[in-house]
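Working notes, beginning with the structure itself.
The figures that follow rest on heavy atoms only: side chains count, while hydrogens, waters and symmetry mates do not.
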2 protein chains.
Amino acid sequence: MSAAAAEPPVPPVGTRRARGAAGACRPVYDAASLLTVVVAEFNARGYDATSMEDLSLAAGISKSSFYHHVSGKEELLDLALQRALDGLFAILEERASRDGPPVERLHHIVRRQVEVLISELPYVTLLLRLRGNTETERRALARRRAFDATVAALVADAISEGQVRATVEPWLAARLLSGAINSIIDWYRPGRTGAEHLPDEVVRMVSEGILPPA
Amino acid sequence: MSAAAAEPPVPPVGTRRARGAAGACRPVYDAASLLTVVVAEFNARGYDATSMEDLSLAAGISKSSFYHHVSGKEELLDLALQRALDGLFAILEERASRDGPPVERLHHIVRRQVEVLISELPYVTLLLRLRGNTETERRALARRRAFDATVAALVADAISEGQVRATVEPWLAARLLSGAINSIIDWYRPGRTGAEHLPDEVVRMVSEGILPPA
DNA sequence: GTCTATAAGGAGATAGAC
DNA sequence: GTCTATCTCCTTATAGAC
């Protein structure tokens with residue numbers, strides 16, 4: 001369990017600006033700036049439960065205005081998911097993810113994955129909650145699985161080289177590791193004090209143990 | 001990351017029986033037996049994306065037949081969530097969850113939580129993916145948070161009594177623990193061989209560490 | 001880049017027969 | 001306990017003016 005976040009609001013969370021009010025300036029968007037507002041809405045209710053009407057209210061523009069920027073609701077999802085996945089895969093390209101002993105490469109990846117989850121929180125949150133209902137979603141899930149598989153292979157390497165303790169199932173270790181890291185989207189909220197220590201704390205706890213032994 | 005499950009199917013996953021075919025027996029349900037079929041559909045696409053039409057096709061009865069058993073789609077969700085939460089809270093009532101040193105009580109709870117996640121997999125899966133869009137969902141999320149808070153308090157006790165290692169943040173430990181355990185719904189599938197060892201394996205790994213230390 | 005108006009279809013739910 | 005037929009509302013998306 002870890003349902004830490006505030007009770008998700010049912011009404012739109014974005015800033016509602018009076019449309020057409022006397023002297024009021026209407027918000028003017030490009031595709032990128034729209035995405036910020038849209039992704040917050042998707043995360044508040046889930047993609048499927050968020051209507052174009054919800055997005056319209058949150059962004060302060062009419063439903064039809066969205067179709068000037070994107071082809072439809074699904075493209076908004078696609079743009080957000082690409083951003084999340086690009087951030088994750090960039091980690092694997094870093095030198096410290098590719099050179100050195102497996103254990104150290106793995107620790108680097110874990111640390112950086114925590115950092116990316118934090119820096120790209122809304123986008124990764126959307127990714128991690130996908131169900132695979134459309135082709136767009138399934139493409140994103142396939143990329144996500146590829147990322148997981150890369151990390152899992154490295155976990156297996158690190159365990160086989162670092163055998164000092166009782167046998168550990170590499171596959172299970174990779175799953176629990178992912179689960180622990182990804183849970184960040186359920187409880188981390190921007191502005192936490194001490195967030196700069198979080199990546200190292202996570203690395204330490206998954207290495208030394210989360211709970212005291214019996 | 002941990003998107004292990006097979007590509008979620010968009011069409012209904014349930015058994016489609018020919019309705020009204022010559023000589024065919026129509027499925028006859030009560031509220032409980034309907035729930036099995038319904039929850040599988042909810043999990044395949046997500047609650048919001050699953051229509052009464054989808055449920056109808058999966059169960060092999062017409063949409064309107066559902067309203068003989070329940071008041072509507074939301075009551076189906078409610079029944080499933082109650083089952084998940086009742087299973088989890090029953091753990092906390094067990095003697096071994098209430099008596100003894102905090103560390104041992106905690107290990108028992110973790111072990112049992114893994115068992116319940118496995119035995120009630122579809123129901124707990126539904127619970128863990130809630131967004132809180134309706135009053136029913138928010139009630140369930142509140143109960144879930146209460147469960148988490150109980151475990152988190154015990155984690156804090158166990159850590160303060162078992163200080164042999166470097167300082168551990170109890171709050172973070174509780175979060176990572178929940179994340180690791182709950183990830184089970186993303187990768188465990190019924191019929192796995194060796195599933196009987198999983199609860200103890202999880203307890204061991206969250207205690208001794210998931211990854212080798214540097 | 002935004003608007004109003006509207007089309008076309010799918011949603012959850014109900015009525016009443018068998 | 002299930003059916004067919006229907007209601008009403010809400011959904012995504014488009015047309016065309018400013």
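- The residue S64(B) sits close to a base: some heavy atom pair falls under 4.0 Å.
- In this model, the phosphate group of dT2(D) is approached by a side-chain N or O of H69(B) to a distance below 4.0 Å at OP1 or OP2.
- Here the straight-line distance linking atom CD1 of I181(B) with atom CG of L176(B) works out to 11.0 Å at 0.5 Å rounding.
- Here the C1' atom of nucleotide dG12(C) and the CG atom of L76(B) are 12 Å apart, to the nearest Å.
- No donor-acceptor pair closer than 3.5 Å links the side chain of K63(B) to the backbone N or O of S51(B).
- If you measure from atom OH of Y29(A) to atom P of dC3(C), you get 10 Å, rounded to the nearest angstrom.
- Distance, L57(B) CG to dA11(C) P: 10 Å, rounded to whole Å.
- Summary of the strand contacts: L34(A) and G72(B) both lie near DNA chain C, and taking for each the nucleotide with the nearest heavy atom, the more 5' one is attributed to L34(A).
- The phosphate of dG1(C) (OP1 or OP2) has a side-chain N or O of H68(A) nearer than 4.0 angstrom.
- Going from atom CD of E53(B) over to atom P of dG9(C) covers 15 Å, rounded to whole Å.
- For the OP1/OP2 pair of dT2(D) and a distance below 4.0 Å, the side-chain nitrogens and oxygens of S62(B) include no atom meeting the criterion.
- For K63(A), the side-chain atoms get nearest to dT12(D) when compared with the rest of dT12(D), dT2(C), dG1(D).
- Rounding to whole angstrom units, CG of residue D54(B) and P of dA11(C) are separated by 7 Å.
- Within 4.0 Å of S65(B), counting heavy atoms only, lies at least one base atom of the nucleic acid.
- Rounded to the nearest 0.5 Å, atoms CG (L141(B)) and CZ (R145(B)) are 6.0 Å apart.
- Proximity of Y67(B) to the phosphate of dT14(C): no side-chain N or O atom is located under 4.0 Å from OP1 or OP2.
- Taken to the nearest 0.5 Å, the CZ atom of R175(A) stands 8.5 Å off from the CG atom of D186(B).
- dT14(C) atom C1' lies 16 Å from atom CD of E75(B), rounded to whole Å.
- No side-chain donor-acceptor contact under 3.5 Å links Y123(B) to the backbone of G87(B).
- Nucleotide dC10(D) holds its C1' atom 17 Å from the CE atom of M52(B), rounded to whole Å.
- The CG-P distance, from L77(B) to dG12(C), rounds to 13 Å in whole Å.
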